[in-house]
Every structure is written in C-alpha cells, then in structure tokens.
There are 2 protein chains.
Amino acid sequence: MKSRTVTPKPRLKMADIAKMAGVSTSTVSRALADNPLIPLPLRERIVALARAQGYVVNQQARGLRLQRTNTINVVIPLGHDKDQLISDPFFLEMVGRLADQITLRGYEVLLTKVMSPTPGWLERIIQSNRSDGVLVIGQSDQHQALNAVADSYAPLVVWGGDVPDRHYCTVGVDSVAGARLAVEHLLKLGRRRIAFLGLPEAPEVLLRRQGYLEALAAAGIPAEPALTAPAHFNAEPELEGIHHLLSSGVTFDAVFAASDVIALGAIRAMTEAGLRTPEDVSVVGFDDVTVAQYSWPPLTTIRQDLDRGAREMVELLFQRIEGKTTTSVFMAPELVVRQT
Amino acid sequence: MKSRTVTPKPRLKMADIAKMAGVSTSTVSRALADNPLIPLPLRERIVALARAQGYVVNQQARGLRLQRTNTINVVIPLGHDKDQLISDPFFLEMVGRLADQITLRGYEVLLTKVMSPTPGWLERIIQSNRSDGVLVIGQSDQHQALNAVADSYAPLVVWGGDVPDRHYCTVGVDSVAGARLAVEHLLKLGRRRIAFLGLPEAPEVLLRRQGYLEALAAAGIPAEPALTAPAHFNAEPELEGIHHLLSSGVTFDAVFAASDVIALGAIRAMTEAGLRTPEDVSVVGFDDVTVAQYSWPPLTTIRQDLDRGAREMVELLFQRIEGKTTTSVFMAPELVVRQT
DNA sequence: GTCGATTATGCAATCGATTGCAAGAGCTAT
DNA sequence: ATAGCTCTTGCAATCGATTGCATAATCGAC
C-alpha cells in the first residue's frame with residue numbers, strides 16, 4: 001500500500017473567521033448563533049463564509065464557557081462480574097437504543113464502561129464535567145454507590161429493578177412479576193423441580209429469584225436450595241451454574257434463568273449432557289434479546305420492552321436536566337412463549 | 001414513589017482546593033499531576049485533600065488548555081440506508097469491542113451515529129474538537145467523504161474493504177476472497193443457481209458481489225442479473241430483496257447474502273414461502289455475528305474476526321495519533337460451515 | 001441643526017484548568 | 001557578611017469560545 005504524507009490543516013478559530021469578515025469575534029459568535037442583534041445580510045454573509053471555510057465551533061471551548069457539553073454519558077457498571085465485556089447482547093442492544101434516542105435529541109453519546117468499580121467511581125464520572133446527564137445501565141452491585149450521589153445530582157436515571165431504599169430514578173420492568181410469570185408458566189407445564197440460575201449479587205437477579213420463590217410458595221411447592229446455582233452474565237462463566245447443577249446430581253425438570261444468555265448457555269450445556277429441551281427440561285429466560293427468537297429451539301422468555309425502556313430513560317433524563325422531578329417507571333413484563 | 005428534593009452540591013474547582021490548602025492553583029495543579037517540583041509531603045497533603053473533598057479536574061477546561069480530549073470518536077455512518085438503527089447486531093458487536101479496547105487504553109468513547117450524511121459531516125465531527133481520533137465503522141456509501149479528509153487528518157481509521165483509490169487507513173477482511181469462499185462452498189454442494197442479496201451502494205457489498213461474480217466465472221457459470229436482488233441491512237427492508245426474488249419467479253437453489261442479518265431474514269422469508277433450508281436452498285451469510293451460531297438452522301457464514309479487527313483498528317489509530325504512518329490491515333476471511 | 005431613540009458593533013470579563021518565567025526563601029561556601 | 005546556589009511557590013498568559021455592557025453610528029423628528 002502506498003504511504004501517504006498527511007499534511008494537517010491549521011485549525012480555524014473564530015478569530016480567523018472574524019478577521020476574514022472584517023468584524024470581531026463577538027459578531028461572528030452572534031451571527032453563527034443566528035442572533036437577531038446582527039442584521040440579516042451580515043449574518044448570512046458570516047454564516048456563508050464560515051461554511052465555505054469549513055469552520056466549526058470548538059465544542060470544548062464552547063462547553064467550558066456555557067457549562068454544558070451537549071453530551072449524555074451512558075455508563076455500564078460491571079461490578080458483579082469483572083470479566084464481563086461490553087459485548088453482552090443485552091447491554092449492547094440497550095446501548096444502541098439509548099444512542100438512537102439521545103442522537104434524536106441532538107445530543108452526543110459518551111459511552112463509559114466501569115470495569116471494577118472503585119469507591120467514588122460515579123462521583124468521578126459526574127464531577128469530570130464531561131456530560132450533562134448520566135444514564136446507568138443496570139444496577140450491578142452498585143446500589144449504594146447510586147444512592148450516594150442521587151441526593152445531590154439530579155440528572156441521573158438508572159435502568160434496573162425496584163429495590164428497597166432506592167433514592168435514584170429508575171426505569172425497568174417489574175422483575176418479581178416477570179419471574180412469577182416465568183415460573184407459573186413452568187408450573188402450568190407440569191414442571192415441579194424448577195432450578196434457578198443467576199448470580200444474586202445484582203439486585204435485578206435477586207428480585208427475579210424473589211419472584212421465583214413467591215411463585216413456588218403460591219403453588220405450595222417448597223423451595224429447594226440445591227436448585228439454585230449461581231451463574232454469571234457473560235459468555236463463559238454463564239455455564240458455571242448449569243455445570244454445577246448437572247454435576248451435583250440434583251434432578252430437575254425445568255430451568256428459570258435470570259437472563260437469556262444464561263438460558264442459552266444452559267440449553268447448550270444440557271444438550272451436551274444428553275438432556276433434551278424442552279422434552280426433558282423446560283427453559284425460560286429473561287430479557288428477550290434478539291438472539292432469543294433466532295435460537296433453536298426458539299427461547300421462551302420474559303420480554304423487556306427495551307425500545308420503550310430506552311425512550312422512557314431518555315425522556316426522564318431530559319426532564320430531570322430541566323430541573324423537573326420525575327417518577328420512576330416500571331413496565332409490565334410479558335411472557336413470550338416459544339418452544340422451550 | 002416518594003418525591004425527593006435534590007440539593008445539588010456546589011461544584012468544586014481547583015481554586016477551592018487551593019484556598020483550603022493555602023496554596024495557589026499552580027501548586028494544586030502540579031501536585032495533582034504528581035509533578036516533582038512540588039515537595040513530596042505537600043504533594044501528598046494536597047492529593048489527600050482533593051480526594052477527601054471529592055474534587056475531580058474539570059475535563060472540559062483541561063482539554064481546552066491541553067488541546068486534547070482523551071476521547072476517541074466511534075462513528076457509524078448510515079448513508080446507504082437511512083432507517084437503519086444503530087441496533088444492527090454487527091455494528092453493535094463492533095462498537096462493544098472497540099469500546100473495550102479504547103477503555104483499556106484509558107480513553108473515553110464518544111459514540112456518533114450519522115443518520116443522513118450531509119456534505120462535510122466528517123469534517124464537522126473532526127473540527128468540533130471533541131476527540132483525539134476517529135474510528136469509522138463501515139464505509140457505507142461515504143468513500144469520497146472519507147477520502148476528502150484523509151489527506152489532512154491523520155488520526156482516522158476505517159473499518160471496511162479495500163476499494164480502489166483509497167486514501168484512508170483501513171482494517172477489514174478481504175471481502176472478495178470471502179465471497180469467493182462462500183460461493184465456492186455452494187458450488188461444491190452442487191448448487192448452480194446462486195442468488196446474491198445485498199444493496200450494492202456500500203463498497204463492502206460491491207466487493208462481495210465482485211467475489212461472487214469471480215467465483216462463478218471461475219466455475220464457468222454465467223452470471224445471471226436476475227439472480228441479484230437488492231437488500232438493505234436492517235430489520236425489515238432486509239426482506240425486500242428476498243421477497244422480490246421469490247415473487248419474480250426466478251428459480252434458485254442457493255443464496256449468498258452480503259450479511260448474516262440479510263441471510264437470516266431470507267431464511268425466514270423462504271420458510272414462510274415453503275422453501276426449506278438447506279434442503280431446497282442453501283444459504284451462506286457474511287459476518288458471523290453471535291446470532292448466526294445460535295440460529296436454527298445454524299448459519300453457514302464467512303467469519304470476520306471482530307475481536308482482532310477491533311484490536312487492530314485501535315492499535316493503528318493510536319499509532320497515527322502519535323504521528324506514525326501505518327499500513328492498512330486486511331485479514332483473511334474464514335468459511336464457517338454450519339448447517340445451511 | 002440638535003436631540004433622543006434606535007441599531008450596530010466591539011471591548012473585556014469569564015469559564016477552569018496548565019505552565020513558562022520570575023521572584024522570594026533558604027542554604028552553603030568563601 | 002555576601003555572592004551564588006538551589007528549592008518553592010505564585011503571577012499571569014493561554015486555550016477558544018460567549019455575552020453584559022458600553023460606545024459609536026444612523027436615523028427621524030422637530
């Protein structure tokens with residue numbers, strides 16, 4: 001491949017445009033802001049000149065002066081699982097939809113992954129002044145950290161569950177109800193020994209487990225601790241829980257997984273171990289990620305309406321940026337019966 | 001839900017810390033930068049004070065002064081398909097991996113989706129001074145726009161194909177070779193009437209079509225224009241091409257799709273039309289997105305090593321930021337035979 | 001021709017950091 | 001005691017915009 005020499009253009013500043021137009025930077029600034037203080041013909045002349053020169057306002061300087069960044073920070077805390085990549089399909093789908101909504105409102109998206117949250121991580125993100133608001137995807141195990149800033153920092157909205165003693169504004173589905181739907185469905189299929197897969201460090205998972213226990217209790221079935229196995233959220237350790245369960249010798253005829261990724265991993269592991277889905281073991285997941293509908297067999301799961309969720313999060317965030325008070329939103333989960 | 005009053009903390013600035021420590025901002029700035037000019041005990045005292053007060057340097061001010069942002073801009077141009085959401089799995093997986101790599105190097109990620117590229121869109125992104133470098137995912141139909149800036153703006157790396165007259169640094173797979181692999185595989189299966197699905201506005205697609213034509217030519221099979229149908233990249237219009245093909249009455253016994261998403265859509269549409277995969281029609285996709293391996297039947301496809309691709313892109317970008325010249329990287333594609 | 005109202009434009013402060021240069025403090029050596 | 005060091009520390013300029021206030025220019029009315 002040919003090697004090319006790159007000759008960087010000198011960056012234009014407002015003063016350059018001002019000089020070319022024979023006016024001051026004040027006038028250029030106002031003209032570009034379409035300020036009626038500047039007579040229309042001059043305004044148009046300056047705008048045309050700036051465009052012709054390819055001049056663009058330096059956002060860093062503008063932001064400093066205006067104390068705004070026109071940027072929303074989308075944050076993914078990965079507390080409970082240090083190795084988890086941003087590559088998890090659920091997070092990615094959420095990021096995509098949030099980015100769409102934020103872009104639609106003319107804001108930029110700053111994407112931050114917090115690998116191993118150290119005390120004060122959220123404060124540092126907020127205080128660094130890089131964004132006008134923060135969206136956190138998932139509570140992970142950082143409930144306390146979120147509470148800590150919620151009382152002094154308004155423009156914050158979190159995707160997650162309705163955990164007790166929560167000071168921050170949240171959007172999410174009712175995890176407990178969703179889990180009940182899932183387990184009731186399995187019970188209706190005649191399943192009685194239902195295993196639960198999920199790492200209970202995250203509040204969402206805890207709530208799903210709570211719904212699982214409630215549904216069992218309502219059906220008069222005693223919960224069996226051996227049927228709960230921890231499982232991580234990501235690609236490989238997701239198999240941990242199901243392997244543990246398989247090797248423990250406990251018998252079970254159904255699995256309720258705290259996420260679709262865990263469910264798909266479990267199906268794969270069980271298939272390798274000679275257990276058929278759904279003939280031997282019924283499976284219900286949680287999230288309804290895109291993969292769920294394309295997988296084989298198509299995964300029965302609890303649907304979270306990500307599209308609406310993203311819309312609500314962004315809407316609430318902008319309301320809070322404007323100083324309004326907002327009410328958390330919890331959407332009704334929906335059972336999607338496919339073939340597992 | 002209880003309504004909470006949020007009392008915003010006054011934002012601390014360096015001057016506040018300076019006053020509390022009884023020194024000037026110069027000293028605080030140097031102390032926080034661990035500058036040996038400041039005697040160690042004082043340095044430690046100031047750092048401790050700043051931490052105790054939860055002080056964080058204002059990145060906007062710092063960036064303005066230093067002319068750096070510590071941020072990489074990941075850009076997704078959606079030229080050839082205005083409705084395409086950022087939600088496309090291929091883009092999302094790429095974004096996730098790039099974000100991982102960028103975060104690893106201590107940089108922030110600014111995610112920009114360009115809905116309908118207007119002339120100068122890339123210049124505006126660059127000149128706005130929001131990032132130290134730009135990664136573009138996919139050439140879309142913006143080859144000219146990329147070329148236009150490449151000669152004057154060094155820190156730019158593009159994911160895409162090796163199109164002629166390319167001035168910008170690129171990472172990608174050899175699309176032509178990949179397409180040949182796919183078509184040769186179909187030929188080996190005994191298929192002769194192979195359709196191509198993909199919207200040829202994007203250079204990548206054009207290259208894949210070229211490989212398709214080359215493979216057919218090498219096998220002595222005349223290319224039939226009726227077997228090429230346009231298809232978009234996203235959720236619904238992806239079906240356009242296959243529907244067009246099905247309703248045109250042309251017979252075909254195989255499909256080579258320019259992306260996995262198109263392939264999966266095609267399989268679904270054909271199933272609805274009573275065509276079985278792979279019995280009646282063999283299908284090969286391109287990308288090997290995560291869904292491809294979970295789908296049913298598992299999709300035979302051309303694998304792009306996204307993990308390595310993301311690593312290479314970020315590595316090259318940082319080299320270019322340091323002023324080095326770099327060579328484009330094209331990775332060998334790999335045929336992944338599954339069941340279609 | 002002068003005054004007041006109106007319009008057009010620019011000066012200079014400001015946002016919150018970083019850093020070259022200089023000055024003051026403290027010390028040593030003669 | 002003083003010249004000559006080194007070591008500390010701070011002043012003030014700078015990055016590139018925005019905007020309150022002031023001034024200059026223009027105009028119409030009498």
Side-chain angles (χ1 to χ4, degrees), chain A residues 8-47 49-50 53-71 108 124 126-132, chain B residues 8-47 49-50 53-71 108 124 126-132:
Chain A
K9 270 189 207 150
R11 276 205 210 286
L12 283 173
K13 33 183 188 169
M14 198 172 269
D16 299 323
I17 302 297
K19 202 171 296 170
M20 298 169 81
V23 295
S24 72
T25 59
S26 318
T27 302
V28 174
S29 175
R30 286 194 257 253
L32 294 180
D34 222 28
N35 188 325
L37 237 47
I38 309 297
L40 192 56
L42 176 56
R43 223 189 302 167
E44 283 173 339
R45 191 166 66 83
I46 293 177
V47 169
L49 176 65
Q53 295 293 326
Y55 169 74
V56 180
V57 173
N58 182 323
Q59 293 300 324
Q60 202 135 61
R62 178 170 211 268
L64 175 59
R65 175 64 228 246
L66 296 183
Q67 303 286 68
R68 306 190 296 107
T69 58
N70 246 273
T71 300
E108 301 289 320
R124 274 195 293 281
I126 292 169
Q127 301 285 337
S128 70
N129 264 285
R130 258 196 268 248
S131 65
D132 300 339
Chain B
K9 269 189 206 152
R11 278 206 209 285
L12 283 173
K13 34 184 189 166
M14 197 172 269
D16 299 323
I17 302 296
K19 203 171 297 172
M20 298 170 81
V23 296
S24 72
T25 58
S26 319
T27 303
V28 175
S29 175
R30 285 193 258 254
L32 295 180
D34 223 29
N35 189 323
L37 235 48
I38 309 297
L40 192 57
L42 177 56
R43 223 188 303 165
E44 284 172 339
R45 192 166 66 81
I46 292 176
V47 169
L49 176 64
Q53 296 293 327
Y55 170 74
V56 180
V57 173
N58 182 323
Q59 293 300 324
Q60 200 134 65
R62 178 171 211 266
L64 174 60
R65 176 63 227 249
L66 296 183
Q67 303 285 66
R68 305 189 297 107
T69 58
N70 247 271
T71 300
E108 302 287 322
R124 274 193 295 280
I126 292 168
Q127 301 286 337
S128 70
N129 264 282
R130 260 196 267 247
S131 65
D132 300 339

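First the proteins, then the strands, lettered A, B, ... as listed; each starts at 1.
When each of B/R62 and A/L42 is assigned the nucleotide of DNA chain C bearing its nearest heavy atom, the one mapping closer to the 5' terminus is A/L42. Across the interface with DNA chain C, nearest-nucleotide mapping of B/L37 and B/R65 shows B/R65 to be the residue nearer the 5′ end. Nearest-nucleotide positions on DNA chain D for B/L64 and B/S26 put B/S26 closer to the 5' end.
Nearest heavy-atom pair, B/V57 versus B/R62, reported as atom, atom and distance to 0.1 Å: CG1-CD, 3.8 Å. In terms of heavy-atom proximity, A/A18 sits nearest to A/T25 at CB-N, 3.7 Å.
At least one donor-acceptor pair under 3.5 Å links the side chain of A/R43 to the backbone N or O of A/I38. In this structure a side-chain-to-backbone donor-acceptor pair under 3.5 Å is missing from B/N129 to A/Q59.
A 4.0 Å heavy-atom criterion places the boundary nucleotides of DNA chain C facing chain B at C/dG16 to C/dG20, written 5' to 3'.
Under the side-chain contact (heavy atoms from CB on, under 4.5 Å) rule, A/V28 has a single partner from A/K19, A/M14, A/M20, which is A/M14.
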